[in-house]
Colleague: 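A single structure is presented below for examination.
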Protein chains: 2
Amino acid sequence: MSKDKILTEALSLFASRGYEGATLSELASRVGMKKASIYSHYKNKEEIFWAVIDCAYQEEIAKLSTGMKEVQHLAFRERLHNMMDQHVHFYKENDENANLWRRMTLFPPQDFKEGLKAKLLEYEQQFNEMLEQDLDRAIQSGEIREVNRDTGLAMINCILDGLFVEYSYYDDEEFNKRVEAVKVMTWRAFLPAGKEAE
Amino acid sequence: MSKDKILTEALSLFASRGYEGATLSELASRVGMKKASIYSHYKNKEEIFWAVIDCAYQEEIAKLSTGMKEVQHLAFRERLHNMMDQHVHFYKENDENANLWRRMTLFPPQDFKEGLKAKLLEYEQQFNEMLEQDLDRAIQSGEIREVNRDTGLAMINCILDGLFVEYSYYDDEEFNKRVEAVKVMTWRAFLPAGKEAE
DNA sequence: CCTACCGATCGGTAGG
DNA sequence: CCTACCGATCGGTAGG
């Protein structure tokens with residue numbers, strides 16, 4: 001359907017050029033129609049934007065919860081590393097989607113700033129709820145040191161945010177090295193006192 | 001001088017709206033002249049852009065090296081924490097400058113992508129050279145564990161990059177909590193085996 | 001889904 | 001440093 005094709009191409013355009021930088025005439029030419037015809041599927045540019053955002057958001061939330069359920073049986077160290085791999089995998093496989101979030105997180109179009117922020121905090125909250133349970137379980141079983149819950153969450157979030165931006169400015173080889181380095185170091189920060197990383 | 005005033009206002013505009021989003025007529029009105037008059041000081045928009053970038057870059061490099069020299073006498077743990085505080089301080093005090101770098105790092109205007117990347121890698125290299133010496137010294141003195149040099153650098157860079165983006169989407173109180181959390185956790189990752197964080 | 005058009009605004013220039 | 005203007009392009013509409 002044309003409506004879906006518009007959505008797909010719009011995602012790609014918003015991700016690479018931003019909201020203001022994406023033009024409806026380029027969108028139309030990618031879809032294979034004239035600019036005016038876009039308006040028989042969507043009311044205006046803003047409506048296209050929110051359709052793209054909603055669609056991308058649903059996709060992320062779904063992926064997040066299935067991804068975290070899959071690794072529930074693993075030890076915390078493996079879950080931690082797996083979580084980083086998952087995020088990295090997302091940057092690589094879903095380049096445009098990830099780039100769209102990066103842009104909308106850091107440089108939201110003035111008019112949509114609040115709406116976007118709400119969506120992002122909602123996402124982080126869902127992510128943190130799952131992570132909290134993970135942390136508590138690992139502390140109780142003695143897998144990791146008795147770290148304060150918010151402190152542990154903040155650390156993991158910060159690392160993921162850091163990798164999130166670094167992905168876009170290092171080449172693949174350099175980025176991979178950094179991911180591995182950060183995995184090792186982050187795990188050390190959670191290591192129980194006295195125990196040693198192998 | 002008008003030329004400097006243009007530079008200052010242009011920095012502010014590029015930071016908040018990006019290169020394409022910043023218009024010369026708004027720049028002119030902030031400076032207090034007509035758009036056409038800008039062209040008696042600069043050849044075109046692109047020349048203004050590079051003047052802004054060069055100026056901001058010089059400022060950063062200068063601040064970096066004096067900042068790191070000031071804390072040479074401190075223990076590694078304090079240097080590490082101080083480094084994070086310095087960066088955070090920079091985000092807060094120099095909001096526009098920091099925002100310009102964020103934008104140009106992650107979403108450089110297509111035409112200037114390569115030129116900007118060169119500047120950024122140059123900066124990181126200078127930063128890492130200083131940091132390497134710091135790390136080596138701390139390892140030799142037994143202050144921290146025998147971590148691989150690149151691994152340690154990658155971790156610190158990742159944390160700073162993470163805080164860099166988080167600053168722009170949390171409020172002050174939440175952000176400060178996260179900084180403190182990350183300080184504690186990062187230090188733990190460097191702790192010598194067997195020693196305990198107080 | 002198209003042709004033909006709108007007013008507004010963009011970066012930039014001519015000429016003083 | 002200004003007035004007056006240029007061609008190009010923007011998001012959007014009328015009417016079929």
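Reminder, nothing fancy here: chain letters follow the sequence lines and each chain counts from 1. Source: prediction; values computed, not measured.
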Colleague: Kindly confirm or rule out a cation-pi arrangement of A:K3 over A:Y42, judged by NZ or CZ under 6.0 Å from the six-membered ring centre and within 45° of its axis?
Modeller: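 Relative to the ring axis of A:Y42, which defines the angle, A:K3 lies inside both limits.
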Colleague: Given the rule that a pair is Watson-Crick or G-U wobble with both distances under 3.5 Å, how would you write DNA chain D in dot-bracket, using | for pairs to a different strand?
Modeller: ||||||||||||||||
Colleague: Would you give a per-nucleotide map of nucleotides 3-16 of chain C, 5' to 3', where B means the base has a protein non-hydrogen atom under 4.0 Å away, S means only the sugar-phosphate does, and - means neither?
Modeller: BB-----SBBB---
Colleague: Honestly, is B:R103 close enough over A:F107, meaning NZ or CZ under 6.0 Å from the six-membered ring centre and within 45° of the axis?
Modeller: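 Judged by the rule (NZ or CZ under 6.0 Å from the ring centre, within 45° of its axis), B:R103 counts as positioned above A:F107.
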Colleague: So if I apply the side chain to side chain contact (heavy atoms under 4.5 Å, CB included) rule between B:N82 and each of B:E78, B:Q86, B:R79, which one comes out positive?
Modeller: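 In the set B:E78, B:Q86, B:R79, the residue that makes a side chain to side chain contact (heavy atoms under 4.5 Å, CB included) with B:N82 is B:Q86.
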Colleague: Answer with yes or no whether the side chains of B:N176 and B:K92 bring together a donor and an acceptor at under 3.5 Å.
Modeller: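 Distance-only check passes for B:K92 and B:N176.
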Colleague: Does B:S12 reach the main-chain N or O of B:T8 with its side chain, forming a donor-acceptor pair under 3.5 Å?
Modeller: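 No, the answer is negative, given that no donor and acceptor are paired below the 3.5 Å cut-off.
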Colleague: Does A:R77 count as lying over the ring of A:F190, i.e. NZ or CZ under 6.0 Å from the six-ring centre, within 45 degrees of the axis?
Modeller: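 That pair does not qualify as a cation-pi contact.
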Colleague: Does A:F112 form a ring pair (Phe, Tyr, Trp, His ring centres under 6.0 Å) with A:W50? I'd like the steps, not just the answer.
Modeller: CA-CA 9 Å; A:F112 311 149; A:W50 285 114; 5.6 Å; yes
